Colleague: 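First, the structure itself, so that you have it in front of you.
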Amino acid sequence: MNNTIFTNYYEVAAVILFGIGLTTLLLHKNLIKKIMGFNIMDTAIYLFLTSKGYIMSHLAPILVGSDIPNPSGNAVKTYTNPIPSGLVLTGIVVSVSVTALMLAITVRLYKRYGTLDIDQIALSAKREEI
């Protein structure tokens with residue numbers, strides 16, 4: 001099988017998205033932008049898992065009626081593995097929960113310190129500590 005950049009464009013897109021999310025997370029001081037970078041990284045991981053779990057010529061693993069495989073198990077080879085899809089679905093649910101928690105904490109920090117700049121929040125918290 002020919003593994004060039006053109007046949008693996010989903011994986012390349014996932015790596016580029018992950019890089020964009022990571023640089024956004026590391027370089028910006030605004031908390032909302034950090035949360036956006038985190039979500040872009042999540043999306044890249046889901047795209048990568050989905051692209052690795054999908055096989056073009058195989059069917060969805062839904063067995064009904066006459067599709068049930070014979071005892072030799074020959075029909076099972078034509079179905080894709082459902083685990084990557086389940087992982088992506090679970091990851092999306094966890095990601096939404098984590099994002100909601102991060103946004104709630106960000107709102108509380110903004111109400112307390114009046115800014116979303118992480119450096120200013122850290123300085124204000126240090127002053128309160130003393």
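Predicted model only: the values in this text are computed from it and were never measured.
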Colleague: Taking G91's backbone N and O only, do any of them form a donor-acceptor pair with Y46's side chain (distance below 3.5 Å, no angle check)?
Modeller: yes
Colleague: Would L17 and Y9 show up in the same hydrophobic cluster when neighbours are defined by side-chain heavy atoms closer than 4.5 Å?
Modeller: yes
Colleague: Would you find more than 12 non-hydrogen atoms of other residues, nucleotides or ligands less than 6.0 Å from M36 atom CE?
Modeller: no
Colleague: Answer yes if I32 and F38 sit in the same cluster of Ile, Leu, Val, Met, Phe, Trp and Tyr residues linked by side chain heavy atoms under 4.5 Å apart, and no otherwise.
Modeller: yes
Colleague: Are E128 and R112 close enough that some pair of their side-chain heavy atoms sits under 4.5 Å apart?
Modeller: yes
Colleague: Verify, without hydrogens or angle tests, whether K34 (side chain) and L25 (backbone) share a donor-acceptor contact under 3.5 angstrom.
Modeller: yes
Colleague: Under the salt bridge (Lys or Arg N to Asp or Glu O under 4.0 Å) rule, what do D117 and K29 come out as? Steps first, then yes or no, please.
Modeller: CA-CA 5 Å; D117 188 350; K29 295 180 182 184; 5.6 Å; no
Colleague: Could you tell me the separation between the NE2 atom of H28 and the OG1 atom of T23, rounded to the nearest 0.5 Å?
Modeller: 7.0 Å
Colleague: Under 4.5 Å between side-chain heavy atoms, counting indirect links through other Ile/Leu/Val/Met/Phe/Trp/Tyr residues: same cluster for L22 and V12 or not?
Modeller: no
Colleague: Under the side chain to side chain contact (heavy atoms under 4.5 Å, CB included) criterion, do Y113 and Q120 qualify, and how do the steps go?
Modeller: CA-CA 8 Å; Y113 297 108; Q120 290 179 2; over 6 Å; no
Colleague: Just how far is it from atom CG of L116 to atom CD1 of I35, taken to the nearest 0.5 Å?
Modeller: 8.5 Å
Colleague: Give the minimum heavy-atom separation between L47 and A14, together with the two atoms involved.
Modeller: CD2-N, 3.8 Å
Colleague: Verify the cluster assignment for L89 and V96: are they in a single hydrophobic cluster under the rule of side-chain heavy atoms below 4.5 Å apart?
Modeller: no
Colleague: Roughly how far, to the nearest 0.5 Å, is OG1 of T106 from CD1 of I118?
Modeller: 8.5 Å
Colleague: S124 side chain to I121 main-chain N or O, any donor-acceptor pair under 3.5 Å?
Modeller: no
Colleague: Which value, rounded to the nearest 0.5 Å, describes the distance between L31 atom CG and T115 atom OG1?
Modeller: 8.5 Å
Colleague: In sequence, state the C-alpha distance, the side-chain angles, and the governing distance for S85 and T50, and then conclude on side chain to side chain contact (heavy atoms under 4.5 Å, CB included).
Modeller: CA-CA 6 Å; S85 300; T50 304; over 6 Å; no
Colleague: Any link between I40 and V15 through a network of hydrophobic side chains (Ile, Leu, Val, Met, Phe, Trp, Tyr) touching at under 4.5 Å?
Modeller: no
